[in-house]
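These notes are about the structure you will find just below.
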Amino acid sequence: MISVKGNRLFVGEVAASGLARQFGTPLYVYDEETIRSKVRALLQNIPCRPLKLYYAAKANTNLAILKVIKDEGGEFVGIDAVSPGEIEMALKAGFRPEQIIFTSTSVTDEEMRFAVAKKVLVNCDSLSQLERYGKLNPSSKVCFRVNPDVGAGHHSHVITGGPDSKFGIWAGEIGKAFEIAAKHNLKIIGIHEHIGSGILETGKFLDAMKVLLAIISKNREKLGDLEFVDFGGGIGVPYKLDQKPIDMNVFGSAVSKLFSDFCSSFGRQLAMVIEPGRFLVAESGVLLCTVNTIKQTPKHKFVGVDTGFNHLIRPMAYGSYHPILAVETCESNKKEKIAVCGNICESGDVFTRNESGIADRKLPKIKEGDVLAILVAGAYGFSMASTYNTRPRPAEVLVSNGKARVIRERESMAHVIYGV
Ligand code: LLP
């Protein structure tokens, strides 16, 4: 758990201030138990079986995190990999090839050959890819992704269904996908969709499920080999106090009922696959940083820290809100309006912002040297980090059973400069 006790922030049972002292900042810290509890929440609330949770590794690719998810989910979990690198990472974490699906976009033949050599199922994102896949691996198993013309998500950049989305085979073109598959004697064992990311209502997810299931029903005679239907990821988490988490019980019952009813009419029980990324890891992580500069303009009091959008790009990329706390004074009656900014040489490098620009936050009075925690940073934090401005990426630490250990060393200056 990430919790506040006696006005101080704790990760697991370890004080965040102590972690900052011990490992230095900027630092990503994750709580193992939070990740485990999120895996359990899905397994317990989605009664439908067979059920597979293909963790969307792009959310957080740290090997230790993949291993935690594997350990907690056992045979129920697999990996949604979007690149040869993620396939390799999943295999290194101990996932078997048949527990991995390669769902990428604008894929090269070479990347597909890599997946095939590793015995990983390829999920084709376009008619072009399906054709090329059929040529390079005829008479094999395949999955393809449908764009169901239903999209949802916390920002337009992450909505992946509808005519503005580059993903999947357009629902109206599915007939051609079956022709290509038949030509190359491909066995369609899975059909996939993913409508977007950061969805906090069940309705859109169900709408998209219905579209995909209707496509399957309509083409059932061509889908004799079908083993699973993959409805993608996208389950959101609250970032703001006034956001309600998705009711997992309602979600789990609704998706299970819809799918079970469908399977009855289809004539056999298929496996349901979902691909949670953010849901499993977002709330487990914090980015710790240290305040080094405080300055004032006529409009804002800027509190400058030793990290920036190179390490957490979500506020800059999507105007995303991340809660921020001073780890030793989480609450106070005396608050002031501040803008927390990073050390990157761009004016957009402000963590307290929304889509239209800087949005000051009320925080307890902060002084130089204080450690701040940027919360809900476990998903799409480190995995989207860069070395922009020639600044190394932070270390990552995992807290398990009250103990903290480094799960990725702080990147060295030499690595940034020479790549070794
Ligand atoms: N499956 C597929 C095919 C995906 O493309 C994604 C995410 C997921 C599953 C997992 O989605 P999730 O459960 O995490 O919402 N960087 C953005 C999010 C990008 C999501 C990309 N695809 C952010 O920080 O909000």
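Just follow the structure's listing: the first ligand is 1, and inside any ligand the first atom is 1. Heavy atoms only: backbone and side chains are in, while hydrogens, waters and symmetry mates are out.
Nearest to atom 24 (O) of ligand 1 among the protein's heavy atoms is Arg314 NE, 2.5 Å. The nearest protein atom to atom 17 (C) of ligand 1, hydrogens excluded, is given as Tyr318 OH, 3.1 Å; this is a heavy-atom distance. Scanning all protein heavy atoms for the shortest distance to atom 14 (O) of ligand 1 gives Tyr380 OH, 2.6 Å. For atom 1 (N) of ligand 1, the closest heavy atom belonging to the protein is Glu275 OE1, 2.6 Å.
Residue Gly233 approaches ligand 1 through these ligand atoms, each under 4.0 Å from one of its heavy atoms: 1 (N), 9 (C), 13 (O). For ligand 1 and Gly234, the ligand atoms under 4.0 Å from any heavy atom of the residue are 11 (O), 12 (P), 13 (O), 15 (O). Listed by number with element, the atoms of ligand 1 under 4.0 Å from a non-hydrogen atom of Ala56 are 8 (C), 9 (C), 10 (C). Atoms of ligand 1 lying under 4.0 Å from at least one heavy atom of Val158, given by number and element, are 17 (C), 18 (C), 19 (C). Per-residue contacts place Gly277 under 4.0 angstrom from the following atoms of ligand 1 (heavy atoms of the residue considered): 12 (P), 13 (O), 14 (O). Ligand 1 places these atoms under 4.0 Å from at least one heavy atom of His154: 23 (C), 25 (O). Near Met384, meaning under 4.0 Å from any of its heavy atoms, are these atoms of ligand 1: 16 (N).
Taking the six-membered ring where the residue is Trp, His154 and Tyr318 present perpendicular rings, their angle passing 60° and hence far from 30°. Ring geometry for His300 versus Phe302: interplanar angle of 30 to 60°, hence tilted.
Distances shorter than 4.0 angstrom occur between a heavy atom of Gly198 and an atom of ligand 1. Not a single heavy atom of Phe279 sits under 4.0 Å from any atom of ligand 1. Using a 4.0 Å heavy-atom cutoff, Arg145 is listed among the residues neighbouring ligand 1.
Residues Phe259 and Phe231 bring their aromatic ring centres within 6.0 Å. Aromatic pair Phe178/Phe144: ring centres closer than 6.0 Å.
Geometrically, ligand 1 and Ser197 share a nitrogen or oxygen pair separated by less than 3.5 Å. Taking distance alone, with nitrogen or oxygen atoms compared against 3.5 Å, Thr103 stays at or beyond that limit from ligand 1. In terms of polar-atom proximity, Asp80 is counted as a contact of ligand 1, with an N or O under 3.5 Å from an N or O of the ligand.
At a heavy-atom distance under 4.0 Å, only side-chain atoms of His194, from C-beta outward, approach ligand 1.
Within 6.0 Å of atom NZ in Lys403, 12 or fewer heavy atoms from other residues, nucleotides or ligands are found, so the atom counts as exposed in its surroundings. Heavy atoms from other residues, nucleotides or ligands lying under 6.0 Å from NZ of Lys222 number more than 12.
For Glu98 and Lys119, the salt-bridge test fails: no basic side-chain N is under 4.0 Å from an acidic carboxylate O. Taking 4.0 Å as the cut-off between side-chain N and carboxylate O, Lys92 and Glu88 count as a salt-bridged pair. Ion pairing between a basic and an acidic side chain is recognised when a charged N comes within 4.0 Å of a carboxylate O; Lys183 and Glu131 show such pairing.
Using a 3.5 Å distance cut-off with no hydrogens or angles, the side chains of Glu346 and Tyr388 do pair a donor with an acceptor.
For Ser383 (side chain) and Lys58 (main-chain N/O), a donor-acceptor pair under 3.5 Å exists by modelled atom type. For Glu111 (side chain) and Thr108 (main-chain N/O), a donor-acceptor pair under 3.5 Å exists by modelled atom type.
Proximity annotation for atom 4 (C) of ligand 1: of Lys58, His155, Glu193, Lys58 comes nearest, heavy atoms only.
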